[in-house]
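So the structure is just underneath, and the comments pick up after that.
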Number of protein chains: 2
Amino acid sequence: MRQTKQRTEIERIFQDFNRPLGPQEIHEIARKSLTSINLATIYRTLNRMLDEEVIVAVGVPGEPDRYELKKAAATHHHHFRCEKCQTVYDLQGCVENLKAMLPNNFSMTSHDIWLYGICKDCN
Amino acid sequence: MRQTKQRTEIERIFQDFNRPLGPQEIHEIARKSLTSINLATIYRTLNRMLDEEVIVAVGVPGEPDRYELKKAAATHHHHFRCEKCQTVYDLQGCVENLKAMLPNNFSMTSHDIWLYGICKDCN
DNA sequence: ATGTTATTGCAAAAGTATTCTCATTAGCAT
DNA sequence: ATGCTAATGAGAATACTTTTGCAATAACAT
């Protein structure tokens, strides 16, 4: 594995932004720092980071997956999506009694909570 | 609007199954009853039903939207997705304290809860 | 400093989901 | 029963998103 400036930049972006990012989103951010970086490189790097288990995919209802550092995902957390700027933020905390929603004979292995609204920057 | 047998069948399927269904899924179910029905017809009918506000889209994390009767969606509810058969079920009930997860200066307009596990049929 | 070769950029291609064109079929008003 | 025309089937065409082939570039071990 060679530490190219593209890879370094993508890693920096994940660290700095600390929230789930999509390929396109990463591309746009990276172009600001690097003169040129190709979308294909973003995809290749994401796939490598996925293999290395440095990042994990975050399935967003109604849109393609985003990715976030596995390190950040290690702590149980959920997400907020701003309806104005579409940004996805990590949330802390969780709720109780989710199992109470389960019908008879269904077993639960995991869950996902999405809050929607307007983020601090758009408010 | 003409009541074709395709449209009737799709309406019947939504009524009978009473859970979020994807275009492909509806197509496969419909083929069992109707000798032939085209996927394009499913899409056209779904779009019409969406316009008429008879159905609503359900965004599923990590996969394309499914649709369910607006009538069913009128009652606040959430979803369960079976990790074995991929079926999505409607759940009843909800939880408290979701707003406690909201960071400062974020406002919340809605939320979504997804439970994952094994459904009654796969158990 | 140099050589090897992993990585990149670019453009083409592939994979999906969804829409569209158009000739044919079939609701339904008369 | 007939005619008008909305809806369908079939397949081509779009629209994205993601992947690939290949020549050029740039890490980094020596």
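Chain identifiers are assigned alphabetically (A, B, ...) following the order of the sequence lines, protein sequences preceding nucleic acid strands; residue numbering begins at 1 within each chain. Just so it is clear, the structure is predicted and the values come from calculations on it, not from any experiment.
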Does D:dT18 have OP1 or OP2 sitting under 4.0 Å from an N or O in the side chain of A:Asn47? no

Can you check the A:Leu39 CG to C:dT8 P distance for me, whole Å? 13 Å

First of B:Arg48 and B:Ala40 reached from the 5' end of DNA chain D, by closest nucleotide: B:Arg48

Given atom CD of B:Glu9 and atom C1' of C:dG27, what is their separation to the nearest angstrom? 18 Å

Once you round it to whole Å, what is the distance between C1' of D:dT8 and NE2 of B:His27? 12 Å

Write down the distance between CD1 (B:Ile42) and P (C:dT19), rounded to a whole number of angstrom. 13 Å

Write down the distance between CD1 (B:Ile37) and C1' (D:dA10), rounded to a whole number of angstrom. 14 Å

Check: B:Thr45 and B:Gln6 side chains under 4.5 Å, non-hydrogen atoms: no

Whole-Å gap separating P (C:dT7) and CD1 (A:Ile10): 12 Å

Should A:Lys5 be listed as having a side-chain N or O under 4.0 Å from OP1 or OP2 of D:dA27? yes

Could you give the CG-to-P distance, from A:Asn38 to C:dT8, as a whole number of Å? 10 Å

Side chain proximity check, A:Lys120 to B:Asn104, heavy atoms < 4.5 angstrom: no

Mind checking if A:Gln24 touches a base, just sugar-phosphate, or nothing, with heavy atoms under 4.0 Å? nothing

Check for a donor-acceptor pair, side chain of A:Asp112 on one end and backbone N or O of B:Trp114 on the other, with a separation under 3.5 Å. no

Between B:Tyr43 and C:dT18, does any side-chain N or O lie under 4.0 Å from OP1 or OP2? yes

Give, for atom CG of B:Asn38 and atom CZ of B:Arg44, the distance between the pair rounded to the nearest 0.5 Å. 7.0 Å

Side-chain donor/acceptor contact of A:Arg44 with base of D:dG21 under 3.5 Å: yes

Hey, does the side chain of A:Thr4 come within less than 4.0 Å of C:dT8's phosphate (OP1/OP2), counting only N and O? yes

Below 4.0 Å: OP1/OP2 of D:dC4 and any side-chain N or O of B:Arg2: no

Could you tell me whether the phosphate oxygens of C:dG9, OP1 or OP2, come under 4.0 Å of any side-chain nitrogen or oxygen in A:Gln6? yes

Ignoring hydrogens and angles, tell me if any N or O in the side chain of B:His27 forms a donor-acceptor pair with the backbone of B:Ile37 under 3.5 Å. yes

5' priority, DNA chain C, between B:Pro64 and B:Gln3 [closest heavy atom]: B:Pro64

Just how far, in rounded Å, is P of C:dT18 from CD of B:Glu63? 11 Å

